[in-house]
Asks: 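Below you will find the structure I want to go over with you.
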Amino acid sequence: MSLRAVKGMKDILPDEISKWHRLETAFRQRVERYGFREVRFPIVEPTALFVRSIGETTDIVEKEMYTFTDRGEKSLTLRPEGTASAVRAYVQHSIQAKEPVTKWYYLGPMYRRERPAKGRYRQFYQAGIEVFGDPGPYVDAEVIDMVVGFISSLGITDVEVLVGSIGGPRTRERYRDALLTYLAPHRAELCSDCQRRMDANPLRVLDCKVPRCAEIAAEAPSMLQYLTDDDRAHFEGLQEALTLLGTPYRVEGSLVRGLDYYTRTLFEVLGKGEGLGAQNALLGGGRYDQMVESLGGPDTPAIGFAMGLERLLMAMPDEGAGSHVDVFIVAAQPEVRAQAALLGRELRDAGLRVESDLRGGSLKSQLRRADKMNARIAMILGESEVEQGVVQLKDLREQTQEQVPRPQAADRARALLQT
RNA sequence: GUGGGUGUAGCUCAGUGGUAGAGCACUGGAUUGUGGCUCCGGGAGUCGCGGGUUCAAAUCCCGUCACUCACCCCA
């Protein structure tokens with residue numbers, strides 16, 4: 001097979017799709033209860049949108065974007081995440097002039113050219129929300145509480161919720177200086193990546209897994225000690241609200257996200273169950289109070305998160321395979337196949353999900369097919385049934401069979417399906 | 001970008017120098033127009049690809065491609 005789906009991208013076949021539907025509808029229902037409304041953005045955006053919002057020195061922008069030139073003119077990029085598009089749309093349509101607080105949700109594929117692994121794909125699906133116009137911290141807590149409740153409603157119970165704060169620009173500047181002052185004497189002991197990080201984005205040193213770097217990072221001053229009074233009040237307000245809501249969480253002082261646009265609140269939910277592989281971050285999010293303005297809009301606070309749907313799917317318990325067929329129609333003789341098609345249309349018009357095998361075949365093979373499809377009911381139609389205007393209605397689960405006048409077949413089937 | 005693992009039937013895999021296999025799936029049958037269980041039968045594979053060694057290669061050697069897992073980073 002020489003033509004395959006490209007590396008890191010995969011087909012989702014009908015057998016898997018019901019789990020996706022279950023996840024997606026659960027998400028929609030949950031966030032709509034909180035007043036969120038769906039938005040859809042283009043999959044392709046101007047490259048500059050991501051460079052300016054996500055940050056020039058991030059891994060995403062430096063090496064993971066699918067960027068191409070549109071017929072020799074504009075540089076376009078397949079979206080690597082959703083927040084940048086949301087902000088662009090918010091600004092472009094002057095939403096701030098229409099309502100003081102905006103709550104949006106979205107769902108769709110994202111693209112990053114990384115090396116694939118379990119739970120990490122080049123085309124992957126995210127569901128996310130954004131709130132514009134509310135500075136928090138109570139909305140921050142509500143959003144975190146909402147998503148934690150959502151995840152648990154999926155049957156995913158073994159999770160850890162991390163929250164942190166990186167403060168606003170002033171906090172970050174102060175902390176950056178303090179961190180560099182602390183790291184400078186250790187520079188030579190750090191791994192080469194971290195030495196590079198010191199210049200590009202010192203906060204990332206805190207996240208390094210190289211043992212010696214981790215030791216040094218553990219002794220580093222905590223971001224939380226450098227929060228300005230306002231930033232500290234915000235973070236404390238968040239924690240009070242979370243405690244009141246009963247949302248379990250752990251404060252993680254060194255939470256660092258791979259996107260530069262965050263301010264103040266940061267959070268992350270880690271899955272701890274089996275089957276997730278090494279990619280156990282189910283969702284990540286935070287506040288980005290500067291981004292709307294920096295993309296040309298008015299000064300507008302905002303917060304959001306995005307969840308990886310494949311990872312949620314991996315962490316979700318499996319449910320028994322349902323059936324996609326209510327009634328399977330069996331033609332007892334080849335001569336009645338047209339009649340079988342007609343009966344099928346009658347039942348479908350009545351709202352039933354109906355399958356049949358119009359190729360014919362033996363009665364036995366057609367019934368076998370009905371069973372394989374996990375149909376609850378088989379309706380058998382032969383020459384004598386057609387003459388008498390009836391069908392044999394067989395309940396495949398209860399192993400019972402009755403003769404029903406054809407005009408009542410749909411109602412009778414529906415009644416059986418309720419049991 | 002770095003490292004490991006694996007490529008044999010649609011799927012999961014066994015087969016380490018001598019005729020290509022199993023289970024599941026698919027399909028036909030076990031006397032009249034009745035599924036599941038059981039039994040019998042059937043179709044199905046350039047053994048990833050290219051080269052080399054050998055009388056003989058799925059098996060040994062070299063190369064290559066693909067998939068996969070981990071690191072990095074993230075969702």
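Lettering follows sequence order; numbering is per chain, from 1.
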Asks: If you draw the axis of the six-membered ring of Tyr121(A), does the NZ or CZ of Lys10(A) fall within 45° of it and under 6.0 Å from the ring centre?
Replies: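 Checked: cation-pi criterion met.
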Asks: Are Arg174(A) and Asp177(A) ion-paired here, with the side-chain N under 4.0 Å from a carboxylate O?
Replies: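 The answer is no: the pair does not qualify as a salt bridge.
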Asks: With P as the reference atom in both, quote the distance from G5(B) to G29(B) in angstrom, rounded to an integer.
Replies: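 Pairwise P distance, G5(B) against G29(B), rounds to 49 Å.
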Asks: Can you name the atoms? Protein N/O to nucleotides 25-27 of chain B N/O, anything below 3.5 Å, with the distance.
Replies:
| unit_1 | atom_1 | unit_2 | atom_2 | d |
| --- | --- | --- | --- | --- |
| C26(B) | OP2 | Lys372(A) | NZ | 3.1 |

Asks: Side chain of Leu363(A), heavy atoms from C-beta onward: which of U34(B), A75(B), C74(B) has the nearest atom to it?
Replies: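 Nearest nucleotide to the side chain: U34(B).
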Asks: Regarding Glu81(A) and Gln126(A), do their side chains bring together a donor and an acceptor under 3.5 Å, going by distance alone?
Replies: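 Gln126(A) and Glu81(A) do not have a side-chain donor-acceptor pair below 3.5 Å.
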Asks: Check RNA chain B against residues 142-161 of chain A and give the residues with a non-hydrogen atom under 4.0 Å, in numerical order.
Replies: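 Correct list: empty, so none.
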Asks: For nucleotides 1-5 of chain B, list the nitrogen or oxygen atoms of the protein found under 3.5 Å from its nitrogen or oxygen atoms, one pair per line.
Replies:
| unit_1 | atom_1 | unit_2 | atom_2 | d |
| --- | --- | --- | --- | --- |
| U2(B) | O4 | Arg115(A) | NH1 | 2.5 |
| U2(B) | O4 | Arg115(A) | NH2 | 3.4 |

Asks: With P as the reference atom in both, quote the distance from U31(B) to A44(B) in angstrom, rounded to an integer.
Replies: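 The answer is 28 Å between these two P atoms.
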Asks: It should be established whether Lys364(A) places a side-chain nitrogen or oxygen under 4.0 Å from OP1 or OP2 of nucleotide U34(B).
Replies: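 Lys364(A) to U34(B) OP1/OP2: no side-chain N or O under 4.0 Å.
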Asks: What is the ring orientation for Tyr105(A) with Phe27(A), classed by angle as parallel under 30°, tilted 30 to 60°, or perpendicular over 60°?
Replies: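 Plane angle over 60°, so perpendicular.
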Asks: Specify the residues of residues 396-413 of chain A, ordered by number, for which at least one heavy atom lies under 4.0 angstrom from an atom of RNA chain B.
Replies: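 Those residues whose heavy atoms fall under 4.0 Å from RNA chain B, taken from residues 396-413 of chain A in numerical order, are Leu396(A), Gln399(A), Gln401(A).
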Asks: Once you apply the 3.5 Å cut-off to both distances, tell me the Watson-Crick or G-U wobble partner of C67(B), or none.
Replies: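 Across any shown strand, C67(B) pairs with G5(B).
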Asks: How close or far is atom P of G35(B) from atom CD of Gln392(A), stated in whole angstroms?
Replies: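 In whole Å, G35(B) P lies 14 Å from Gln392(A) CD.
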Asks: Just by distance, no angles: are the side chains of Glu130(A) and Thr83(A) close enough, under 3.5 Å, to form a donor-acceptor pair?
Replies: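 Result is yes, a qualifying pair exists.
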Asks: Looking just at side-chain N and O atoms, do Thr265(A) and Ser165(A) make a donor-acceptor pair shorter than 3.5 Å?
Replies: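 Note: Thr265(A) and Ser165(A) side chains miss the donor-acceptor criterion.
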Asks: Taking atom C1' in both U16(B) and A56(B), compute the distance separating them and give it to the nearest angstrom.
Replies: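 Those two atoms are separated by 15 Å.
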Asks: Work out how far the P atom of C73(B) is from that of C60(B), and round it to whole angstrom.
Replies: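 Their P atoms lie roughly 38 Å apart.
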Asks: Using a cut-off of under 3.5 Å, enumerate the N/O to N/O pairs linking the protein to nucleotides 65-67 of chain B.
Replies:
| unit_1 | atom_1 | unit_2 | atom_2 | d |
| --- | --- | --- | --- | --- |
| C67(B) | OP2 | Lys7(A) | NZ | 3.0 |

Asks: Can you tell me the Watson-Crick or wobble partner of A75(B), both distances under 3.5 angstrom?
Replies: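 Partner of A75(B): none found under 3.5 Å.
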Asks: Ignoring hydrogens and angles, are the base of G35(B) and the side chain of Asp371(A) linked by a donor-acceptor pair under 3.5 Å?
Replies: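 Answer is yes: a donor-acceptor pair is held.
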Asks: Expressed as a whole number of Å, how far does the C1' atom of G7(B) sit from that of C49(B)?
Replies: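 Looking at atom C1' only, G7(B) and C49(B) are 11 Å apart.
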Asks: Take atom P in C11(B) and the same atom in G45(B), then report the distance between them in whole Å.
Replies: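 Roughly 13 Å separates the two P atoms.
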Asks: Tell me, please, which residues at least two apart from Gln408(A) pass side chain to side chain donor-acceptor pair (under 3.5 Å).
Replies: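 Not a single residue meets the side chain to side chain donor-acceptor pair (under 3.5 Å) criterion with Gln408(A).
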